[in-house]
Amino acid sequence: MQLAQDHPVVLALVILIIVAAFAGAFYLKFVKARRLAEYERNIAVTDSMTGTEFEHFMARLMRRSGFRRVTVSGRSGDMGCDVVGYTPDGRKVVVQCKRYSSKLTSPDVQRFAGTARDVHRAHVPLLVTTAHVTNPARDVAKLCNITLVDRTLLSRWATTHTPPIKGWPSRRRHQSDPQVAAVAPPPTATAHTRDPAASAAPPHATSPLTAQPSRPPAADWWSDHTTP
């Protein structure tokens, strides 16, 4: 206290230096995270990763996409659970990561299906691979309600940060959609521009616009995905 009273200018400078150091460290951390996110938008970066590095890559992608409480649990004897996270509405997502150069096959899906729900209590079992997936593997995944993310879908996810999970709000939905704009109701006419003939119509007459069936909701970007 005596030192602060005797040298207030020095004390102020010390405090300023400390605050600037913390602010600089926070800014550098933010810039580094942002550059890493931009770098990892290219799926080719996964080709040189180890299995563990790919698990951490998926954990980072999930956090950027809006998942909560994301943890990497991959280890020897993990029984197919590499990453765990939760959707914004509270569903548990269990992810198995397969950093393959060859195709993902049916036995890979079968092994994951045997533990995802019964052992790990997953609401959304997610099998992610850097490779492509065989048709028998897709058939097994469909029967077992396993969400498959192959190289093409993973690349799209990394680019848009919108995971291919049912019920996940798409960031691109209802944005600049010409079909949605085409069915949007026109502005309400004001009193001085209203057509006199229209005012003579019965009070319960149905407008031709409202009589048309509503447009079905937009499909998810991943629902129409086909294997090349």
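Reckoned from all heavy atoms, side chains included, excluding hydrogens, waters and symmetry mates.
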With a 4.5 Å heavy-atom cut-off, do [X] and [Y] have their side chains touching?
X: Val128; Y: Leu126; answer: yes
X: Glu55; Y: Met58; answer: no
X: Val95; Y: Met62; answer: yes

Practice prompt. Take Thr162 and Trp157, measure what side chain to side chain donor-acceptor pair (under 3.5 Å) needs, and give me the verdict at the end.
Written response: CA-CA 5 Å; Thr162 301; Trp157 181 358; over 6 Å; no
Between the side chain of [X] and the main-chain N/O of [Y], is any donor-acceptor distance below 3.5 Å?
X: Thr130; Y: Tyr100; answer: yes
X: Asp108; Y: Thr105; answer: yes
X: Lys92; Y: Pro125; answer: no
X: Arg99; Y: Met49; answer: yes
X: Thr46; Y: Ile43; answer: yes
X: Ser65; Y: Pro163; answer: no

Shortest non-hydrogen contact from [X] to [Y]?
X: Thr134; Y: Ser106; value: OG1-N, 4.1 Å
X: Arg117; Y: His123; value: NH2-O, 4.2 Å
X: Lys98; Y: Leu104; value: CG-CD1, 3.8 Å
X: Ala158; Y: Leu61; value: CA-CD1, 3.9 Å
X: Pro164; Y: Thr147; value: O-CG2, 3.5 Å
X: Phe112; Y: Gly80; value: CE1-O, 3.4 Å

Worksheet item: Roughly how far apart are Arg156 CZ and His161 NE2, rounded to 0.5 Å?
Response: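 Reported value, rounded in 0.5 Å steps: 13.5 Å.
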Worksheet item: How many angstroms lie between CZ in Arg63 and OG1 in Thr71, if you round to the nearest 0.5 Å?
Response: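 So the CZ of Arg63 and the OG1 of Thr71 are separated by 8.0 Å.
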Fill in: Candidate pair Thr152 and His132, rule side-chain contact (heavy atoms from CB on, under 4.5 Å), full reasoning
CA-CA 8 Å; Thr152 303; His132 295 291; 3.6 Å; yes
Fill in: Residues forming a ring-ring contact (aromatic ring centres under 6.0 Å, His included) with Phe67, sequence neighbours excluded
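Partners of Phe67 under the ring-ring contact (aromatic ring centres under 6.0 Å, His included) test: Trp168.
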Worksheet entry | Candidate pair Val45 and Phe57, rule side-chain contact (heavy atoms from CB on, under 4.5 Å), full reasoning | CA-CA 10 Å; Val45 302; Phe57 166 87; 4.3 Å; yes
Discussion item. Working note: Arg111 + Leu127, criterion side-chain contact (heavy atoms from CB on, under 4.5 Å); need CA distance, chi angles, decisive distance, verdict.
Written reply: CA-CA 11 Å; Arg111 285 190 290 269; Leu127 183 53; over 6 Å; no
Practice prompt. Give the other cluster members for Tyr86, using side-chain heavy-atom distances under 4.5 Å between Ile, Leu, Val, Met, Phe, Trp and Tyr residues; answer none if it is isolated.
Written response: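 Besides Tyr86, the hydrophobic cluster comprises Val84, listed by chain and residue number.
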Worksheet item: Between Asp150 and Lys103, is the closest basic N to carboxylate O distance under 4.0 Å?
Response: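 Salt bridge flag = no for Asp150 with Lys103.
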Discussion item. Closer than 4.0 angstrom, basic N to acidic O: yes or no for Arg151 and Asp47?
Written reply: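 Judged by the 4.0 Å cut-off on N to carboxylate O distance, Arg151 and Asp47 do form a salt bridge.
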Item to complete: Evaluate side-chain contact (heavy atoms from CB on, under 4.5 Å) for Val83 paired with Cys97, printing each intermediate quantity in order.
Response: CA-CA 8 Å; Val83 184; Cys97 303; 4.1 Å; yes
Practice prompt. State which residues pass side-chain hydrogen bond (donor to acceptor under 3.5 Å, both in side chains) with Thr87; sequence neighbours excluded, sorted by chain then number.
Written response: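 Asp89.
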Worksheet item: Which of these passes side-chain contact (heavy atoms from CB on, under 4.5 Å) with Leu148: Val133, Leu153, Thr129?
Response: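 Of all the options given, the one that passes is Val133.
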